[in-house]
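Atom set for the values below is all heavy atoms of this structure, side chains included, hydrogens, waters and symmetry mates excluded. Numbering of residues begins at 1 and proceeds along the displayed sequence.
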Amino acid sequence: SVNSALPAGPEVPKDKFTTYISGGNHAGINAREFLFVPGSGILAIGYDASKAEQKDLQLFMTSTGDYELKRSSEGVKLSPDSPMVYFDGKVYVIEMLKKDAFLTQFNTELEFELRSEVNISPKSIIQVVGEEIIVTAVDKKGNSDDVKVFKVKDLSFIR
């Protein structure tokens, strides 16, 4: 079952996770956030609780009801600050390649689909607005200082 380990709200520090999802075939997911995807299951972004020494942020898809782990984004390095944005059957996250961050798209099977050609800040907010994805870099003080816009259909850079 889904248990709320910590109170929800702005008091929760960024390095703490509000939800712990445990199912039949996995030790658990320390999920920063999760959402129900109709026809697919529960999509979560967080850490594999069975690998305490490995702190790589991942996407997870579990079945609804018994929370059986169906798949994860293992092998793709996400920014530790990556948001998880679901829109129209696609999942958008911030992927790290060497020292650069990119906007990356997965399908609901958590299969890699697209990566932006232009790099972005590893600390960014992702918003899908119509046919565009707006990626806003956020500095340590929470100020947004850099905005990049990509096309939804192919993640090509607009401005």
Worksheet item: Any sub-3.5 Å donor-acceptor pair from Arg32's side-chain atoms to Ile45's backbone N or O?
Response: no
Worksheet, complete the sentence: Rounded to the nearest 0.5 angstrom, the NZ-CG distance for Lys70 and Asn25 is 11.5 Å
Worksheet item: Is there a path of hydrophobic side-chain contacts, each under 4.5 Å between heavy atoms of I, L, V, M, F, W or Y residues, that connects Val85 with Phe112?
Response: no
Discussion item. Measuring from atom OH of Tyr86 to atom CZ of Phe34, what distance do you get when rounded to the nearest 0.5 angstrom?
Written reply: 16.0 Å
Worksheet item: What pairs with Ser116 under side chain to side chain contact (heavy atoms under 4.5 Å, CB included), at least two apart in sequence or on another chain?
Response: Phe102, Leu103, Phe150
Worksheet item: Using 4.0 Å as the upper bound for N to carboxylate O, is an ion pair formed by Lys90 and Glu113?
Response: yes
Discussion item. With rounding to the nearest 0.5 angstrom, report the CZ to CG distance, Phe106 to Leu59.
Written reply: 5.5 Å
Discussion item. Less than 4.5 Å apart, side chain to side chain, heavy atoms only: is that true for Leu57 and Pro80?
Written reply: no
Worksheet item: Are Ile126 and Val129 in one and the same hydrophobic cluster, where Ile, Leu, Val, Met, Phe, Trp and Tyr link if side-chain heavy atoms are under 4.5 Å apart?
Response: no
Fill in: More than 12 heavy atoms of other groups within 6.0 Å of Glu117 CD
no
Discussion item. Side chains of Val138 and Ile125, heavy atoms from C-beta outward: is any pair under 4.5 Å?
Written reply: yes
Worksheet item: Would a hydrophobic clustering, with Ile, Leu, Val, Met, Phe, Trp and Tyr connected at side-chain separations under 4.5 Å, put Ile158 with Leu114?
Response: no
Item to complete: Please say whether more than 12 non-hydrogen atoms of neighbouring residues, nucleotides or ligands are located less than 6.0 Å from CD in Glu132.
Response: yes
Response to the item:
Separation between CD1 (Ile94) and OG (Ser121), nearest 0.5 Å, reads 7.0 Å
Discussion item. Rounded to the nearest 0.5 Å, what separates atom CG in Leu69 from atom OG in Ser50?
Written reply: 9.5 Å
Discussion item. List the residues meeting side-chain hydrogen bond (donor to acceptor under 3.5 Å, both in side chains) with Thr62, not counting sequence neighbours, and say none if there are none.
Written reply: none
Worksheet item: Residues two or more places apart in sequence or in another chain: which of them pass side chain to side chain contact (heavy atoms under 4.5 Å, CB included) with Phe87?
Response: Tyr92, Val128
Fill in: Carboxylate-amine/guanidinium proximity below 4.0 Å for Arg115 and Glu95
yes
Item to complete: Would you mind reporting whether Leu155 and Ile133 have side-chain heavy atoms less than 4.5 Å apart?
Response: yes
Item to complete: Using side chain to side chain contact (heavy atoms under 4.5 Å, CB included) as the criterion, list what pairs up with Glu131, not counting sequence neighbours.
Response: none
Practice prompt. Is it possible for you to say whether Val118 and Ile134 belong to one hydrophobic cluster, with membership spreading through side-chain heavy-atom contacts below 4.5 Å?
Written response: no
Worksheet item: With the 4.5 Å side-chain cut-off for hydrophobic clustering, are Tyr47 and Leu43 part of the same group?
Response: yes
Discussion item. When you measure from the side chain of Ser63 to the backbone of Glu68, do you find a donor-acceptor pair of N or O atoms at a distance under 3.5 Å?
Written reply: yes
Worksheet, complete the sentence: Those residues at least two apart in sequence (or on a different chain) that pass salt bridge (charged side-chain N to carboxylate O under 4.0 Å, His left out) with Lys123 are Asp81
Practice prompt. Check whether any side-chain heavy atom of Lys148 sits under 4.5 Å from a side-chain heavy atom of Arg159, and report yes or no.
Written response: no
Discussion item. Just to verify, what does Asp88 make a side-chain hydrogen bond (donor to acceptor under 3.5 Å, both in side chains) with, not counting sequence neighbours?
Written reply: none
Discussion item. Are the side chains of Lys77 and Asp56 in contact, using a 4.5 Å heavy-atom criterion?
Written reply: yes
Worksheet item: Looking at CG of Asp48 and CG of Asn30, how far apart are the two atoms once the value is rounded to the nearest 0.5 Å?
Response: 8.5 Å
Worksheet item: Where do Gly41 and Met61 come nearest, in terms of heavy atoms and distance?
Response: C-SD, 3.8 Å
Worksheet item: Does some side-chain heavy atom of Met84 sit less than 4.5 Å from a side-chain heavy atom of Val91?
Response: yes
